[in-house]
Amino acid sequence: MKKILYTFLFFIFIILPCNGIEADDSVDEIIKHKFNAEGSVLPKLPNTSPKSVESMNFLDNNSSTNIKKESEIKTEKPDNTVLTQPYSTPASNYSNIPKVPQKNNLKSIKISKGKKVQVKFNTAVSDRTAKGARVAFVSQVPLMVKNLTLPTGTIFYGTVVNSHSPQILGNGGLLSIKIDYVVFSGRTFYCEGNIIALNHKCVLFNNIKGNNGYFKGIAKTTKCARTFYLKSLKISKKLANGPGIIITPITYLPGAIFLICDCTVAPFISIFHKGDRVYVSKGTSAVIKLT
């Protein structure tokens, strides 16, 4: 086994490189025989001056293209005559180039975030107002910052970003408005703001919501049972003052049992009750916080 391995290694490292060297020598001989690189002599370069370079033709004699001066171009006419005229850039090439606008020395004034503006709704909206509807507000007090004063009566515009009618599980209606524009000196400027108060009541997360109706649904469901229980209790008290005290359990137990059963199922029945609607009339006061 060792003899076979040594023979194989000897063949790889000794015999194959020798064959490769012989192949390279044969290729080299073919190249020398074909091109005769050793006996070839390159021609001498002509003595030329920088001015004569312009008149030299570096292309083949069979080519019809010649190099001319950069100050001349060729144009063909219908009669196949060739005219040489000085090169010039047409004025039309520069006619469509836009001009760089000059810098206007205008100062931009920014109102920092957190400023609050007391406004009134100039548009009536509700929880059924479609998304994307425009809502207008009118400021009630001036907003004063450095070098700028937004007077009373400034118009703010907002967009309804979310709205839906009352839903089950006691959810009330929803109305969300995003302030995005303000009109000042006859021009419209972009701004961002949220409604944080409506009719002097706090508005959380910019969502004007109707009152939840779940607990109202429980009270409405148990109203009948409570009324029946109070009547049975009243009758039982009258019977207890005389010999009728013996039958008071008969008058009291039905009302109490009915009330207990109704209070047990009321939380499940109230799931299907809806909350209150949201309706904001024109002239309703609100507070906008710029973000």
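Relative ring orientation between Tyr181 and Tyr190 is described as perpendicular, the plane-to-plane angle rising above 60° on a 0-90° scale split at 30° and 60°.
Few gaps surround CZ on Arg134; more than 12 heavy atoms of other groups in view lie less than 6.0 Å from it. Counting heavy atoms of neighbouring residues, nucleotides and ligands inside a 6.0 Å radius, atom NZ of Lys178 exceeds 12 of them. Within 6.0 Å of the CZ atom in Phe184, the count of heavy atoms belonging to other residues, nucleotides or ligands exceeds 12. In Tyr252, the OH atom is not crowded: 12 or fewer heavy atoms of neighbouring residues, nucleotides or ligands sit closer than 6.0 Å.
Between the Ser232 side chain and the Tyr229 main chain, a donor and an acceptor come within less than 3.5 Å of each other. In this structure, Thr123 contributes its side chain and Ala136 its backbone to a donor-acceptor pair below 3.5 Å. Side chain of Ser139 to backbone of Gly153: a donor-acceptor contact under 3.5 angstrom is found. No donor-acceptor distance shorter than 3.5 angstrom exists from the side chain of Tyr214 to the backbone of Phe272, with no hydrogens or angles considered. At distances below 3.5 Å, not a single donor-acceptor pair connects side-chain atoms of Thr284 with backbone N or O atoms of Phe121. Checked by atom type and distance alone, the side chain of Thr221 never pairs as donor or acceptor with a backbone atom of Ala266 at under 3.5 Å. With Gln140 contributing its side chain and Val138 its backbone, the two residues share a donor-acceptor pair below 3.5 Å.
Atom NZ of Lys131 is separated from atom NE2 of His164 by 9.0 Å, given to the nearest 0.5 angstrom. Here Arg128 contributes atom CZ and Leu175 contributes atom CG; the two are 13.5 Å apart, rounded to the nearest 0.5 Å. Interatomic distance, Ser281 OG to Asn199 CG, rounded to the nearest 0.5 Å: 7.5 Å. The distance from the CG atom of Leu143 to the CD1 atom of Ile111 is 5.0 Å, given to the nearest 0.5 Å. Note that CG of Leu253 and OG of Ser236 are 8.0 Å apart. Values are rounded to the nearest 0.5 Å.
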Using the side chain to side chain donor-acceptor pair (under 3.5 Å) rule, take Thr129 and Ser163 through it: C-alpha gap first, then chi angles, then the decisive distance, then the call. CA-CA 7 Å; Thr129 304; Ser163 63; over 6 Å; no
Worked verdict on Lys223 versus Asp262 for salt bridge (Lys or Arg N to Asp or Glu O under 4.0 Å): CA-CA 9 Å; Lys223 183 179 180 179; Asp262 198 5; over 6 Å; no
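Residues Phe228 make up the rest of the hydrophobic cluster containing Phe258, defined by ILVMFWY side-chain heavy atoms closer than 4.5 Å, directly or through other members.
Cys261 is linked by a side chain to side chain contact (heavy atoms under 4.5 Å, CB included) to Ile257, counting only residues two or more places apart in sequence or in another chain.
Here the closest non-hydrogen pair linking Gly275 and Pro166 is O-CB, 3.4 Å. The two atoms that bring Val160 and Val135 nearest to each other are CG2-CG2, 3.8 Å, heavy atoms only. The two atoms that bring Lys216 and Asp276 nearest to each other are NZ-OD2, 3.1 Å, heavy atoms only. Between Thr149 and Pro142, the shortest heavy-atom contact is CG2-CB, 4.4 Å.
Counting heavy atoms from C-beta outward, Ile288 and Lys116 have side chains that stay 4.5 Å or more apart.
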